[in-house]
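In what follows, a structure is listed as structure tokens, so that the remarks can point back to it.
Side-chain atoms are counted along with the backbone in the values below, which use heavy atoms only and exclude waters and symmetry mates.
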Amino acid sequence: VLDWGWFPVLIQGSAALVADARRAQIMAEVEASKRRARSGRGGGVNIIVMNAVLEACVSCGDVDLAVQLFDEMRGPMGCGVDGVSYGILLKGLGIARRIDEAFEILESVEKDTSDGSPRLSPHLLCGFLNALIEAGDMRRANALVARFRQVLYEGQSVLLYNLLMKGYIKSNFPLGALTVKDEILRQGLKPDRLTYNTIIFACVKSAEIEKAFQFLEDMKDEAKRDDNPELLPDAVTYTTLLKGLGNSQDLYSVLKIVVEMKSSLVSIDRTAYTAMADAFLACGSIDGALCIFGEIIKQAGDNKDLRPKPHLYLSIMRAFATIGDFDMVRRLKERMWPDSVGSISRSAKQEADELLMEAAINNNQVDVARRLLRRIVNGKEHFSWRSRVGLVALKVETLSGFTNSPLRPHVFPQILLNDPVEKYMIPFRESRPLGADLILENVAMRFLKDSAVPLVNDWGSCVGIVHSRDCTKMDSPLLSMARPPLCVPCSTSLEHVIDLLLREKCEMVVVVKSGNMYEGSYTSSSRPLGVFSLGILSEATANTANTHDECVPGAAT
């Protein structure tokens, strides 16, 4: 049995990983301790323990419970609150975007009317400020700084400015971080390495590579002038620049940065090596990426922390698959399992198979590509034809003449896409429309069977379509959850109707007789003739699926 003194340590150590069951267990332990204290058998909780519980609640997103516990702590039977309690609660309210409540608490602290008499301090405000910055809400972040500027500037630390710069990067105006640097200089402060790294990242995000290099030189000049090695560029500085140079496909500058990194005292870790290889690949230099990859593998023999992750293998495999180097892709795929570090996700395994198929088809090995395609189809539930693997699969099918295809498409022998929709619609009465003023709970069972149901008013006109996924309020009328009916004239081609349903993400259209109606509009003078839905296509698919000798689960519609 652990002493309560260990309880805050245990909670704080696992706060980020706490789940609903763990949170319930913690609350049960707290309640049990309170009962033991009331019965005189020892136990009880103090501020340190309850602050750890508050932190756990905030970490797993249950701010309502944190507010409830905070109120209990400062109540007559509570253990009391302190500045740490207020800081945790303010951070939670900021994360939950409950900004007004947070400002009310800050005003009470400022007026010295809060329980526990907390003192306004940078520590109290920074958690709330960081939550606003993480959300990209620079308007309220700047308002908080302006309101409590005197408190936040205690000690004239550059940390506050670095936080504000991070906020601009998360917003839609990354270069706003440059104005913060000007403010740092006006306050007579010295930018640190984090300041310059943040500014360089802002420039890279804004595709201002020349400005990023200018700040790199300023960084080195200032470090030399002040004899301050803590200001020299580090691995983060260079990897940020490499990402920007890769995006701009500036191979010369990538080589320059790589040489500078290796000739400096920077500690090059796995992330830095991966950034080098990615930058070379982005610039189209497979040889450069292979040199870096070989260096990683060589050094990983003595330093296991340098073993590459599957991401790097897949990046190089994509480059070789594009040029049709089947043997290299196959070797990389075989070595990815024993030589990479960390777990290999299912999606990474699937992509490795897909890249091998792509390399085969680009190397004109159609039979090999077709065998790999069959394996991929058997292992995937579905894929999009617009995806990379879908386009490669289409190329495999085309080059193999669609013979012995593993992709058995669904066919509709009784449906012609050029036919008018009137030929395939269901008469409107047979769709069993519901009254628009009916309450959902009275007809809820209907939506267990039908994914979309038309609604009619007292005059028999269709006034909406209710989708089962929109039925969220059991005590509300159906019309409040309905979508405006999509209407098409009876002469509209079936192909056009299917495209309309897919584009609007709707299950059903209403077919009307009027030939001059606009899609999506409806008037009471246009009587509905029938409905057509995606369910009709599904039934046609089910009726024809048995005509195939083979059926592959991954077949695309």
Side-chain angles (χ1 to χ4, degrees), residues 381-387 390-391 394 407-436 440 443 446-457 459-472 477-545 555-557:
E381 295 180 359
H382 64 277
F383 60 78
S384 169
W385 287 108
R386 295 184 179 181
S387 66
L391 295 174
L394 184 60
L407 301 175
R408 303 286 301 202
H410 294 302
V411 295
F412 307 99
Q414 299 177 352
I415 290 180
L416 296 177
L417 295 179
N418 291 329
D419 282 346
V421 67
E422 182 180 20
K423 184 176 179 180
Y424 305 101
M425 72 180 186
I426 297 175
F428 190 76
R429 180 170 296 182
E430 292 183 14
S431 68
R432 298 187 299 142
L434 296 174
L440 175 59
V443 291
R446 173 69 183 277
F447 293 94
L448 295 178
K449 178 182 178 182
D450 298 328
S451 58
V453 178
L455 301 182
V456 293
N457 58 17
W459 296 275
S461 297
C462 182
V463 293
I465 296 176
V466 177
H467 291 69
S468 59
R469 59 179 177 270
D470 296 335
C471 296
T472 57
L478 295 177
L479 187 59
S480 66
M481 293 170 281
R483 304 182 189 183
L486 284 175
C487 301
V488 295
C490 58
S491 59
T492 306
S493 69
L494 184 61
E495 179 180 12
H496 183 75
V497 172
I498 294 174
D499 286 341
L500 178 64
L501 288 172
L502 295 177
R503 185 173 66 249
E504 299 297 332
K505 297 180 181 179
C506 192
E507 294 283 341
M508 178 182 292
V509 295
V510 178
V511 182
V512 296
K513 186 174 182 179
S514 175
N516 58 354
M517 280 193 66
Y518 294 102
E519 294 174 357
S521 62
Y522 189 85
T523 59
S524 58
S525 60
S526 301
R527 306 291 293 183
L529 297 179
V531 297
F532 181 84
S533 67
L534 294 177
I536 295 176
L537 289 180
S538 299
E539 292 176 3
T541 302
N543 293 335
T544 58
T557 305

Are the side chains of [X] and [Y] in touch, meaning some heavy atoms are under 4.5 Å apart?
{"X": "F428", "Y": "V531", "result": "yes"}
{"X": "L486", "Y": "I465", "result": "no"}
{"X": "L478", "Y": "F447", "result": "yes"}

Could you tell me the separation between the [atom1] atom of [X] and the [atom2] atom of [Y], rounded to the nearest 0.5 Å?
{"X": "T492", "Y": "D499", "atom1": "OG1", "atom2": "CG", "answer": "12.0 Å"}
{"X": "R432", "Y": "K449", "atom1": "CZ", "atom2": "NZ", "answer": "5.0 Å"}
{"X": "L500", "Y": "C506", "atom1": "CG", "atom2": "SG", "answer": "8.0 Å"}

Looking at every heavy atom in both [X] and [Y], which two are closest together, and how far apart are they?
{"X": "V466", "Y": "C471", "result": "CG1-SG, 3.6 Å"}
{"X": "V510", "Y": "P528", "result": "CG1-CB, 3.7 Å"}
{"X": "V421", "Y": "P489", "result": "CG1-O, 3.8 Å"}
{"X": "C490", "Y": "L529", "result": "CB-CD1, 4.3 Å"}
{"X": "I426", "Y": "S431", "result": "CG2-N, 4.3 Å"}
{"X": "P454", "Y": "C462", "result": "CB-SG, 4.3 Å"}

Q.
I'd like to know whether M508 forms a side chain to side chain contact (heavy atoms under 4.5 Å, CB included) with S451, so could you lay out the CA-CA distance, the side-chain angles of the two residues, the decisive distance to 0.1 Å, and finally the verdict.
A. CA-CA 9 Å; M508 178 182 292; S451 58; over 6 Å; no

Q) Under the 3.5 angstrom rule, does the side chain of R446 hit a backbone N or O of L434 as a donor-acceptor pair? A) no

Q | Stepwise salt bridge (Lys or Arg N to Asp or Glu O under 4.0 Å) check, R469 with E507 | A | CA-CA 11 Å; R469 59 179 177 270; E507 294 283 341; 3.6 Å; yes

